[in-house]
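Working notes, structure below.
Heavy atoms only: backbone and side chains are in, while hydrogens, waters and symmetry mates are out. Below, read A as the first sequence line, B as the second, and so on, with proteins coming before strands; counting in each chain starts at 1.
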Number of protein chains: 2
Amino acid sequence: MATGRTHRPATRSRGIPEATVARLPLYLRALTALSERSVPTVSSEELAAAAGVNSAKLRKDFSYLGSYGTRGVGYDVEYLVYQISRELGLTQDWPVVIVGIGNLGAALANYGGFASRGFRVAALIDADPAMAGKPVAGIPVQHTDDLERIIKDNGVSIGVIATPAGAAQQVCDRLVTAGVTSILNFAPTVLTVPDGVDVRKVDLSIELQILAFHEQRKAGEETTMETAAGDIGSLPAAAAAHGTSADDSADQGPDGDVPAVMPA
Amino acid sequence: MATGRTHRPATRSRGIPEATVARLPLYLRALTALSERSVPTVSSEELAAAAGVNSAKLRKDFSYLGSYGTRGVGYDVEYLVYQISRELGLTQDWPVVIVGIGNLGAALANYGGFASRGFRVAALIDADPAMAGKPVAGIPVQHTDDLERIIKDNGVSIGVIATPAGAAQQVCDRLVTAGVTSILNFAPTVLTVPDGVDVRKVDLSIELQILAFHEQRKAGEETTMETAAGDIGSLPAAAAAHGTSADDSADQGPDGDVPAVMPA
DNA sequence: AAATGTGAAAGACTTCACAGCA
DNA sequence: TGCTGTGAAGTCTTTCACATTT
């Protein structure tokens, strides 16, 4: 979804494709596991299998970073770990704030992978005064009133929003004003941000809906049914057109659903 | 991370592009909001703005579903809500099980958006005997031992994995064996599944790393620094090279990614 | 006059397949 | 021989721009 698109048109200094960037963390994880097992080198084939991609793609991805492999041998694990970490900016410390310490916020604060790779939870912020001072994951929750100060005092540039949808945009605005330029949004809402600010979204219900789409399709196949019967019962109910002149008679016949995709 | 690949020629009968499917939930959410405000119709321009995409893309997306708009007018909100819901398979009930009731699992169980759109948390499962019986989000947690029975008794086809990485593959195998064909994986690990099973992954640390990448770039631009100084200190420290110590092996499925859907 | 639906062009990403190096 | 690195081909996605319909 990559909300935050819109990078400056320029900045072509190092054009690593977005799709490649999105896979680097995957490779890094696989490499880290190999490193822990003291495996010295891997071939693109092996590493690709561990990361769940195909080897040609992996080699192409690495080619954007430079030539870090050895023909006939493979890649040096430690060296690659370092190169990818550096490329991703993980060799530096990233203080992060989490806003909205409900169930999800607490889960995120406790998430191990967070602290590991260069990210450090600098502060937890919540709008509920009752939460203030209470420690979550060993970090005392602070009140929203101090948001700006917290951001500035800690030099935070990455913010995580785990508030209810209704509060997300407002929190986002404050974060941005205070200097945050990258946001990870867990609230089920579209955030509007000024140019130069990156937003990534994680949305549970969207993922489930995508799964449901495929699941539905599988079910339909099995039985070779093509009329997708079974739903006809629960009709639109909408159908009825509001003003919009266009009387319903137009298309949707009572059963005339079956949208016949692909109108020639 | 786009999951469902698809080798097969891709059944053109109803070929809705994966990228379009991934956006339908977005449109649906925007439409639902409009519906609640009793807005009768929207133009592609307005709806696109609400969903955070551009209007040409939205129109193209809708064109795969059929011709549900009215030229010169726009789209009937209620009607579109129904059509998209049906296309996504949300007009039916999807029982879901969540495995791994730690911080994250509990957050998911409590997540409102879950219950809303056709998804119903049929059961919560955890390996810790101490959790058994304890209610989370009003649902009693059950022990992993009963996983297979629970799946079957409830006709579950969608499973959510929120266990630690180490347990994920095993849980996945059991879910699949018991009949689950769609999995939403929150564990930071690559899951291997047989053909016909869909896996989607949500990975916090990957999202953060992608943000860090862009964040780093921004910082670099501002100061025109390009040597990313300050890191040179922590060098690779790699180099050693053993022979081909490929012991693990296990390079299974060629494209261990996601399978797919729709055999022609 | 307004706004959809869609060919066609442009762009991004993936896969192929093989030259070239260790 | 084994495996990387990469042009070229193929596929998917986005964007353009306009004919078409209400």
Side-chain angles (χ1 to χ4, degrees), chain A residues 1-2 5-7 9 12 15-24 27 41-49 51-76 79-80 241 243-247 249-251 259-264, chain B residues 1-10 12 15-24 27 41-49 52-76 79-80 83 241 243-246 251 254-255 257-258 260:
Chain A
M1 221 102 278
R5 206 50 306 97
T6 326
H7 284 267
R12 94 274 295 340
I16 299 181
E18 192 58 33
T20 294
V21 172
R23 280 187 296 268
L24 293 182
Y27 301 144
T41 58
V42 259
S43 66
S44 60
E45 204 73 57
E46 295 166 325
L47 183 53
V53 305
N54 91 22
S55 66
K57 192 186 288 182
L58 177 146
R59 287 200 301 280
K60 179 66 98 181
D61 283 341
F62 286 179
S63 79
Y64 293 116
L65 308 184
S67 291
Y68 295 147
T70 306
R71 292 171 200 238
V73 178
Y75 301 91
D76 180 282
Y79 187 54
L80 245 194
T244 324
S245 57
D247 50 89
S249 63
D251 31 3
V261 174
M262 304 260 86
Chain B
M1 214 106 289
T3 306
R5 203 51 316 87
T6 305
H7 314 252
R8 321 316 173 67
R12 41 77 239 288
I16 299 183
E18 192 59 32
T20 294
V21 172
R23 280 187 296 266
L24 292 181
Y27 301 144
T41 59
V42 258
S43 66
S44 61
E45 204 73 57
E46 296 166 323
L47 184 53
V53 304
N54 91 22
S55 66
K57 192 186 286 182
L58 177 145
R59 287 199 303 279
K60 180 65 103 179
D61 283 340
F62 285 179
S63 80
Y64 293 116
L65 308 185
S67 291
Y68 295 147
T70 305
R71 292 169 200 240
V73 178
Y75 301 91
D76 180 282
Y79 187 54
L80 245 195
Q83 291 299 345
T244 330
S245 69
D251 41 333
D255 68 323
D257 208 15
V258 193

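As rounded to whole Å, 15 Å separates atom P of D:dG2 from atom CZ of A:Arg59. A straight line from CD of B:Glu46 to P of C:dA2 spans 13 Å, rounded to a whole angstrom. Atom-to-atom, OH of B:Tyr75 to P of C:dA2 comes out at 18 Å; the value is rounded to the nearest Å. The distance between atom CG of A:Asp61 and atom P of C:dT15, rounded to the nearest whole Å, is 11 Å. The separation between A:Phe62 atom CZ and D:dT4 atom P is 10 Å, rounded to whole Å. Taking atom CG of A:Leu58 as the reference point, atom P of C:dT14 lies 12 Å away to the nearest angstrom. To the nearest angstrom, C1' of C:dT14 lies 9 Å from OH of A:Tyr64. The distance between atom CG of B:Asp76 and atom C1' of D:dT22, rounded to the nearest whole Å, is 15 Å.
Phosphate proximity of C:dT15 to A:Asn54: present, with a side-chain N or O under 4.0 Å from OP1 or OP2. Regarding contacts with the backbone of C:dT4, a side-chain N or O of B:Ser44 is found under 4.0 angstrom from either OP1 or OP2.
Applying the salt bridge (charged side-chain N to carboxylate O under 4.0 Å, His left out) definition to pairs two or more places apart or across chains, those involving residues 61-71 of chain A are A:Arg23-A:Asp61.
Closest of all the heavy-atom pairs between A:Tyr27 and A:Ala51 is CD2-CB, 3.8 Å. Nearest heavy atoms, A:Lys57 versus A:Asn54: N-OD1, 2.9 Å.
Between B:Leu80 and B:Val42 the shortest side-chain heavy-atom distance does not fall below 4.5 Å. Here the side chains of B:Asp76 and B:Thr70 are not in contact, with every heavy-atom distance at 4.5 Å or above.
Picking from C:dC21, D:dT6, C:dT4 the nucleotide with the shortest atom distance to the side chain of B:Ser43 gives C:dT4. Across C:dG20, C:dT4, C:dT6, the shortest atom-to-atom separation from the side chain of A:Arg71 is found for C:dG20.
In terms of the ring-ring contact (aromatic ring centres under 6.0 Å, His included) criterion, residue partners of B:Tyr75 (sequence neighbours excluded) are, by chain and number, B:Phe62. When the side-chain contact (heavy atoms from CB on, under 4.5 Å) test is applied to B:Ser55, the partners found at least two apart in sequence or on another chain are B:Ser44, B:Glu45, B:Ala48, B:Arg59.
Along DNA chain C, the nucleotide closest to A:Ala56 and the one closest to A:Thr70 are compared, and the more 5′ of them pairs with A:Ala56.
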Between the protein and nucleotides 8-13 of chain C, which nitrogen or oxygen pairs are less than 3.5 angstrom apart?
none

